[in-house]
Structure formats: structure tokens, C-alpha cells
Amino acid sequence: MILAFLVSVVQGAQPLFVEDAQALPGVVTTCGSRSKDYILEVDGGGVALADFDRDGDLDLFVVDGSTLDRVRAGEPGLPPRLFLNDGTGHFAPAPEAWAMKASRWGMGCAVGDVDGDGWLDVYVTHWGRDQLFLNRAGQGFADATERAGFEGSRWGTSAAFLDFDRDGALDLAVINYLAFDWATAAPPGGGCSWKGYDVMCGPEGLVPVHDQLFRNRGDGTFVEASVSAAMRPMEAGFGLGAMTLDYDRDGDTDLYVANDSTPNFLWENQGDGTFKEVGLLRGVSHDMNGKEQAGMGIACADIDGDGRQDLFVTNFSGENNALYFSRGAKGFSERSAPSGMAGPSVTRLGWGTALGDFDLDFDVDAFVMNGHVYPQADRPGTDTSYAQEAQLYRGSADAKFSVERFSDAPARVMRASTVGDIDGDGDLDVVAIELDGPVRVYRNRTLPAPAEGAPHWLRVALRSPTKNRFALGGSVTIEVAGQRRSAELRTSGGFQSSVPPEVHFGLGAHARLERLIARFPSGRELQLEDVTVDRVLVIEEPEVK
């Protein structure tokens, strides 16, 4: 029955996702002018799914941008907004207590429990001063930027919370793009061209800005640790995407950064409070031909069931998206072509992405939100287009992928996205930003399915007694029918976005797990036998007495 159900989804007229226009009606974001005369107007905002009010369902955080007219007039940008879930996957504006003031021009966001009080907070990156909003026990947000010690004004894109020094408090990595000054930036037609057309300038020819690492002192304040952690004075990249992972499985968290038109970085945690950049050495800095690419979004998962985290990076049009399979501590092997993911991506420009079991068949799938940076892409001879269809890459047991339509939606200029079970039915849904358009909600059609033969699933969250309450950096491994799947706890995901601090497994016909192993950031393990599924399982780490 389950096989017949899944085949009907693949072969039928309906794609796996359907847009729900009523889930978030009338919510749009702004990012400069539609003519995209400057590179500042290209990226769009970020999105996050997380249970901010702790009522058991996922709420939606949306980062908005600004316009150059507002900047020139000395006005702040458009503020970020929180939308609360009613329990069915429909969102409504949060009460006034959750309202936030804007900085200059919003970009991305990262979610984590900064102060260890059990409530999720949010950090917002900007072209301008970044912001930290603390969750006041589900009663609203408080701006804690100044008290936390975040100063300066850069162009931040993605950000990621991680406990890099394993002291139990969440630290923060902020990915920066480039130095941009609208007053001195090259005007439209200022000498930059693409395929024979005048276009906005950048990033090549502009100055990249170093990424930053902030250490949490544990008292509500942060101190920049970029130099002491040996992440500088290395040469900067045009940073866009961030992903936390323990790629070498040594118990501490590493950091992968997707750079635009410069080699990607893999920051290997040395376990002594410092990092070492090993992207080239480990095979994730360039494509399989040794060429640097223009990386945007990052996804991470154990695709082939070997217990190691694999990496997927979305890239510019004319470049294929990159799929790096882990070979353990030795590094990675770029396998986008033999996996079936390279060819279908060459004419697209990818942004938001995720790896997950979207059809619940026990194999890892992927999706990519696409859209070009140049409106001129619609002109003759470009071999691409400005608006582009999103893609679903359906996985198989041999870690190969076949491309399908993501939804029935027409081609659009898409950017950031996040993924989570917004309606509580067990499958993963998607929320994505259309550049200068609506925030769009896509529901997964897999469930509910007929009770007989419906695929099974499991969502798992870990809780730690430390200030890293949501156990970011921990992992969950499941065993069933002689097979294993592993997933890490993180909130970094995609492009300029954040995902819920939990892991999700599709289980196909498996109605029970033989074994589940929870590994906490402290290094402790908890093993459960004969685990029931089709539920949300929260596992507490016992306190050491």
C-alpha cells in the first residue's frame, strides 16, 4: 500500500507540495527597487520557523528589507515580524508585545536560546547594525542588542548559533558579505556587464568583509572571538550561507560557509577554542573541476546512511549545484553529477534549500528555491530567466536523485526558505520568500494519507540541563530493519534562514524503531529500545548528580 501511494504521488499530476495562499495572506517583503540597480537589492530577507510561544506548534519569523529612498532619507528599514501559528499551519500577526523596531536593512536571521532560559531568541543580520531580540518567556521580544555588546555596521547575511567552546552557552557566527556604500557604488550601467547586457555591479570588483565569531560569556553579553579563535587574519570571502555540523565526528561543532565567487570555507573546530580553515584540504571549497563557485544556500544531512553529514550547496546559473558526500575525517567527494543533481541545476540560480525526507519513504530528498539576480536574464541569449521554477530532487535508496516539479506554482524570483511541520501532520512543509513579493507557504501533500499503508515518521527534540537548552550540536541516530539514519540538532539552514531545533525522520512502512540513540552536546548518550513513532519525542538529558 505504501509503495502504491508513493508511486501515485510521483506519477500523478500533482507535485508533492501545494501552495496555501490562505496560510499567511497579504504578507510581503521589500528589497529595494524592482530594477535591481545595486547589489544591495538582490538578496531579499530571511525566514525562521520555531515555537517562540511554546504552545507546541511552529511560529514564523520574517525579516524584511528596505529601499534606497528610505536609506537616503535617513529612515530605518522595515521591521522584522512574528506570526503565530494557530495549530493548523495558519499564521496571524503576533500581539504588539512581539513588535520589533527596524535597523537599516534586514537580511537574515538565526534562532537559539541565547540566555538558557528555555525560550528561543532571535538574531537578525543587516546591512547596518545587527539586532538581538530576547524572548521574554513567551510574552514578547526585548531588544538586547546593546546590552549583549553587538556593535558596528556591516553587511551580515546568514548567521548560526553554536557552542564552539563547549561551555554550555550558545556562541554566534555571523557571515558577512561585502563593503557597500550606496553613495559611492557604481550606478546602473556603470561598466558592469553580463552576457552582453549592462547589469548592477558586484560582488567581483568589490571588497569582501571578514566573517565574525562571537563568544557567549554566559551573562547575557558577547565578545568577538574571531581573532582569538584563529578565524582571522585569513583572507575574507563574499559570505552568504552558513551551516553548523560535526563533519569529523570528534564531538565539537565545525562551521561551513558558502561564499559568492570565492572558495567556500570549512572551519574545523580544533577543540581548544580555535578553528582551522580546511575547505580546500577536505574538498568542499571548489567544484569537482577545481573551480570556485558562487555559493548561496547550504543543506546538510546523512544522505547515504553512513552516519556522516553530507553537504549540498546551491550556486549561480551556469554552475551546477554541488553535492559533497562525506568520506569521514578525510573530507568530502563532490558527486553532484553521478547523483543526478548537476545537470538540472545548470540553468537555475539556487538560494533556499533543505535536505529532508519529504515523501517519508526513508530516503533523503532535497528542494531548491530558484531565481536570478539580474532582471536582464529574461532577454535573448542568456540561456536562463529571471523568474524560475523551484525544484524537488526526490532521493532513492542508492543516494541518487530525480528532479521533479516542486509545486504547481509558476516560475517566480524566489530567495530564502525554511522547513518544518507547520500543521503537525508529520510531514515537512516549506515557507519561502519571493523577492519583492509574498511570503509563500507550501504544504506537503504526503500526509494525511489513507490510514492503511500511510508512511510513518518521527520528530525528535533534545533538551539539555545546560544553557544550551535545545542541545544544538547534539545528534540522533535511529536503527530499523538493519538500517541507520543520523541527524544533527541545529537551527542553521538554507540561505539567511533558520530551522526548528529538532530532527525529523521519514520511516516508510516501519511502524516502530528497534533503537534510538540520543547524543547530547556534553558527550553523554541515551539509548531507547522499541520506540513508537508517528509522534513528537522530546528527550531530556538526565542531570549529573
Check whether any side-chain heavy atom of Thr157 sits under 4.5 Å from a side-chain heavy atom of Trp155, and report yes or no.
-> yes
Identify the heavy atoms of Tyr197 and Pro380 that sit nearest to each other, and give their distance.
-> OH-O, 2.6 Å
Give me the ring orientation class for Phe141 and Phe133: parallel if the planes are under 30° apart, tilted from 30 to 60°, perpendicular past 60°.
-> tilted
With no hydrogens and no angle check, is any side-chain donor or acceptor of Ser497 less than 3.5 Å from a backbone partner on Val47?
-> yes
Whether Thr125 side chain and Asp130 backbone form a donor-acceptor pair below 3.5 Å = no
In Å and rounded to the nearest 0.5 Å, what is the OH to CZ distance from Tyr256 to Phe265?
-> 11.0 Å
Given Phe358, Phe406, Phe17, the one that forms ring pair (Phe, Tyr, Trp, His ring centres under 6.0 Å) with Tyr442 | Phe406
Nearest heavy-atom pair of Gln309 and Phe332: which atoms, and what distance?
-> O-CE2, 3.3 Å
Among Ile39, Val207, Leu40, which one satisfies side-chain contact (heavy atoms from CB on, under 4.5 Å) with Leu178?
-> Ile39
Taking it one step at a time, do Phe150 and Phe214 satisfy ring-ring contact (aromatic ring centres under 6.0 Å, His included)?
-> CA-CA 9 Å; Phe150 293 113; Phe214 295 94; 5.1 Å; yes
d(Lys276 NZ, Asp254 CG) to nearest 0.5 Å is 12.5 Å
Is there side-chain contact between Thr382 and Trp194, with at least one heavy-atom pair below 4.5 Å?
-> yes
Hey, does Met296 have a side-chain heavy atom less than 4.5 Å from the side chain of Leu349?
-> yes
4.5 Å side-chain heavy-atom contact, Leu68 and Trp105 | yes
Side-chain donor/acceptor of Glu334 to backbone N/O of His286, under 3.5 Å | no
Minimum side-chain heavy-atom gap Tyr177-Trp127 below 4.5 Å = no
CZ/Arg335: more than 12 non-hydrogen atoms of other groups inside 6.0 Å | no
Donor on one side chain, acceptor on other, Ser33 and Glu41, under 3.5 Å = yes
Flag side-chain contact, heavy atom, 4.5 Å: Glu292 against Asn259 = no
CG (Asp198) and OG (Ser193) are apart, to the nearest 0.5 Å, by 7.0 Å
Flag, side chain of Ser103 to backbone of Arg129, donor-acceptor distance under 3.5 Å | yes
Which distance, rounded to the nearest 0.5 Å, do you find between the CG of Asp429 and the CG of Leu49?
-> 9.0 Å
Just wondering, do Ile433 and Trp351 contact through their side chains at under 4.5 Å, heavy atoms?
-> no
Would you call Asp363 and Arg485 a salt bridge, using N to O less than 4.0 angstrom?
-> yes
Is the side chain of Asp365 donor-acceptor paired with the backbone N or O of Gly395 at a distance under 3.5 Å, no angle test?
-> yes
Hey, what do you get for CD (Glu151) to CZ (Phe222), rounding to the nearest 0.5 Å?
-> 14.0 Å
Does the Asn269 side chain pair with the main chain of Thr253, one donor and one acceptor, at a distance under 3.5 Å?
-> yes
Closest heavy-atom pair and its distance - Val503, Ala487 = CG1-CB, 3.6 Å
Under the side-chain hydrogen bond (donor to acceptor under 3.5 Å, both in side chains) criterion, do Asp69 and Thr67 qualify, and how do the steps go?
-> CA-CA 5 Å; Asp69 287 340; Thr67 65; 5.2 Å; no
From the list Gln131, Arg104, Arg154, side chain to side chain donor-acceptor pair (under 3.5 Å) with His126 holds only for Gln131
What closest approach, in Å, do Tyr38 and Ala186 show between heavy atoms, and which atom pair accounts for it?
-> CE2-O, 3.3 Å
Is Arg81 paired with Asp64 through a side-chain N to carboxylate O contact shorter than 4.0 Å?
-> yes
What residues, two or more places apart in sequence or in another chain, satisfy salt bridge (charged side-chain N to carboxylate O under 4.0 Å, His left out) together with Asp302?
-> none
Check for a donor-acceptor pair, side chain of Asp310 on one end and backbone N or O of Ser326 on the other, with a separation under 3.5 Å.
-> yes
Any donor-acceptor pair under 3.5 Å linking the side chain of Asp211 with the backbone of Asn176?
-> yes
Tightest non-hydrogen contact, residues Gly44 and Cys31, listed as N-SG, 3.5 Å
Do Asp59 side-chain atoms and Phe52 backbone N/O form a donor-acceptor pair below 3.5 Å?
-> yes
Starting at CG of Asp171, measure out to CG of Asp165 and round the result to the nearest 0.5 Å.
-> 4.5 Å
Identify each donor-acceptor pair in which a side-chain atom of residues 236-247 lies under 3.5 Å from a protein atom, sequence neighbours left out, and give them as a table.
unit_1 : atom_1 : unit_2 : atom_2 : d
Thr244 : OG1    : Ser492 : OG     : 3.3
Asp246 : OD1    : Arg249 : N      : 3.0
Asp246 : OD1    : Asp250 : N      : 3.2
Asp246 : OD2    : Asp250 : N      : 3.3
Asp246 : OD2    : Gly251 : N      : 2.9
Tyr247 : OH     : Glu268 : OE1    : 2.4
Tyr247 : OH     : Arg282 : NE     : 2.9

Would you say Arg34's side chain and Asp436's backbone share a donor-acceptor pair under 3.5 angstrom?
-> yes
Is there side-chain contact between Leu82 and Leu60, with at least one heavy-atom pair below 4.5 Å?
-> no
List the atom pairs, with distances to 0.1 Å, where a side-chain N or O of residues 368-375 and a protein N or O form a donor-acceptor pair under 3.5 Å, not counting sequence neighbours.
unit_1 : atom_1 : unit_2 : atom_2 : d
Asn370 : ND2    : Glu389 : O      : 2.9
Asn370 : ND2    : Gln391 : OE1    : 3.2
His372 : ND1    : Tyr374 : N      : 3.3
His372 : NE2    : Ser317 : OG     : 2.8

